[in-house]
**Student:** 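This is the structure I want to talk about, given as structure tokens.
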Amino acid sequence: MVRYTLVRILSALPVMFVVAAVVFGILFLAPGDPAAALAGDSASPADIARIRVALGLDRPFLIQFASWFWHVLQGDLGVSLFDGKPVLGLILARVGPTVSLMVLTILITVFVAIPLGVLAASRINSLTDRVATSLSVLAFSIPVYVVGYVLILVFAMTLRVFPVQGYVPLANDFAGWLRSIILPSVAMSASYVALVARMTRTTVADILAQDYIRVAIAKGIAPWRVTCIHALRNAAIPITTVVGSGIAMLIGGAVVTESVFGIPGIGKLTIDSISKRDIPVIQGVVLTASLVYVLINVFLDIVYKWLDPRIQY
């Protein structure tokens, strides 16, 4: 188990190098000039040229990438072109709301989607199964911002149960934090619940059709025990895979959700940085999100090994 874990961690290092190169290369080749955006509309070509030299944008691509990557290895993601603040500090200041949003979304998904999928699988082709499947298709088809605006209209503006926008830090007030984060989490979990529920339903239904399940039922084991212990346990790996893979969907959904609900998280920081073409911040955010996703995949591989010791890498 230890050797397997070390191999998986080491195998993630070249992946992160490739990700860093792609992130830097895409933004380097993107149209537009950050020096011109920083200088303003009234700047002369000479002023823009001086800013490019000061920022090091006049150097060749490989030299720029080598310098940037060397600083990244030391934990320095650069400085914002507009705020003049360290990028790492800006990300750490915004990470709390985003982590809160994603953790609560995952919890809602796990506690809603898995029981819903198991219920549909245990009553395959029944009315319950058809309703659950239809709701999953509907939830997966609606964009997250539409769900968000509907929730705001109903629960914030009509019923006035939750605030329309804003975020209350967890350290300040737990009740206020929960009220400010519950609607965004429900909005972002809608499509995620649909995805996990469909995977759970399909996987558990396939396992319930196996011969050893029929034998367990014939021995008189309670149906709920057969479904929840025998079938769900053997379906754990596919379900874990789709839950972990959905983290990428949550990272993308956080950008839209935080903009809709006015949450000052990393997604909002990304939108603001793109609008100002603040390249160091965009690079830092994308690289951080990629690192998180790679680490999640490494963690999932370790969980696979724990769930099924026969797995080899």
Side-chain angles (χ1 to χ4, degrees), residues 1-35 37-38 51-99 102-103 244-245 247-248 250-252 254-255 258 264-303 305 313:
M1 185 68 179
V2 175
R3 181 178 179 275
Y4 176 88
T5 303
L6 291 176
V7 169
R8 289 301 298 121
I9 294 175
L10 292 176
S11 66
L13 298 180
V15 174
M16 284 308 305
F17 175 79
V18 173
V19 168
V22 170
V23 169
F24 188 88
I26 290 176
L27 292 176
F28 181 86
L29 298 174
D33 189 351
L38 188 62
I51 294 176
R52 288 182 58 82
V53 172
L55 296 176
L57 300 176
D58 60 322
R59 296 179 296 175
F61 169 78
L62 291 179
I63 295 178
Q64 290 189 46
F65 173 72
S67 175
W68 174 77
F69 190 69
W70 174 248
H71 285 87
V72 167
L73 292 178
Q74 301 176 62
D76 181 11
L77 298 179
V79 178
S80 170
L81 298 180
F82 291 86
D83 296 337
K85 299 178 181 179
V87 173
L88 183 59
L90 292 174
I91 294 175
L92 292 177
R94 303 288 192 100
V95 74
T98 301
V99 170
M102 294 183 65
V103 169
S245 301
I247 300 296
L250 293 184
I251 294 174
V255 176
E258 290 179 2
I266 295 179
K268 189 69 166 54
L269 176 64
T270 305
I271 294 294
D272 295 340
S273 302
I274 292 175
S275 63
K276 295 185 294 186
R277 194 170 171 75
D278 197 340
I279 286 183
V281 178
I282 300 173
Q283 289 174 335
V285 170
V286 175
L287 188 65
T288 302
S290 303
L291 175 61
V292 170
Y293 189 61
V294 170
L295 292 178
I296 288 173
N297 278 278
V298 172
F299 175 74
L300 288 177
D301 287 342
I302 297 173
V303 172
K305 183 69 173 179
Y313 180 75

**Student:** Find out whether L291 and M16 are in side-chain contact, i.e. whether some heavy atom of one side chain is under 4.5 Å from a heavy atom of the other.
**Tutor:** yes

**Student:** Does the side chain of F24 come within less than 4.5 Å of V72's, by heavy atoms?
**Tutor:**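 With C-beta onward as the side chain, the pair stays apart.
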
**Student:** Roughly how far, to the nearest 0.5 Å, is the CG atom of L287 from the CD1 atom of I282?
**Tutor:**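 The CD1 atom of I282 sits 13.5 Å away from the CG atom of L287.
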
**Student:** Within this structure, what is the OG-CD1 distance for the pair S275 and I271, rounded to the nearest 0.5 Å?
**Tutor:**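 Answer for the OG-CD1 pair, S275 versus I271, is 8.0 Å.
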
**Student:** In terms of the angle between their ring planes, are F69 and F65 parallel, tilted or perpendicular, with boundaries placed at 30° and 60°?
**Tutor:**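 It falls in the parallel class, under 30°.
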
**Student:** Which pair of heavy atoms, one from L90 and one from S80, lies closest together, and at what distance?
**Tutor:** CD1-CB, 3.8 Å

**Student:** What is the minimum heavy-atom distance between G265 and P97, and which atoms define it?
**Tutor:**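 Nearest pair, atom of G265 first, then P97: CA-CB, 4.1 Å.
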
**Student:** Working to the nearest 0.5 Å, report the span between CD1 of I266 and CG of L92.
**Tutor:** 8.5 Å

**Student:** Please report the closest heavy-atom contact between E258 and K268, naming both atoms and the distance.
**Tutor:** OE1-N, 3.0 Å

**Student:** Search all heavy atoms of L88 against all heavy atoms of G75 and return the closest pair with its distance.
**Tutor:** CD2-O, 3.4 Å

**Student:** Any donor and acceptor pair, going by atom type alone, linking the side chain of S290 with main-chain N or O of V286 inside 3.5 Å?
**Tutor:** yes

**Student:** Measuring from W68:CH2 to D76:CG, what's the distance to the nearest 0.5 Å?
**Tutor:**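 The distance works out to 11.0 Å.
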
**Student:** Going by heavy atoms in the side chains, are L77 and T288 under 4.5 Å from each other?
**Tutor:**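 Sidechains of T288 and L77: in contact.
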
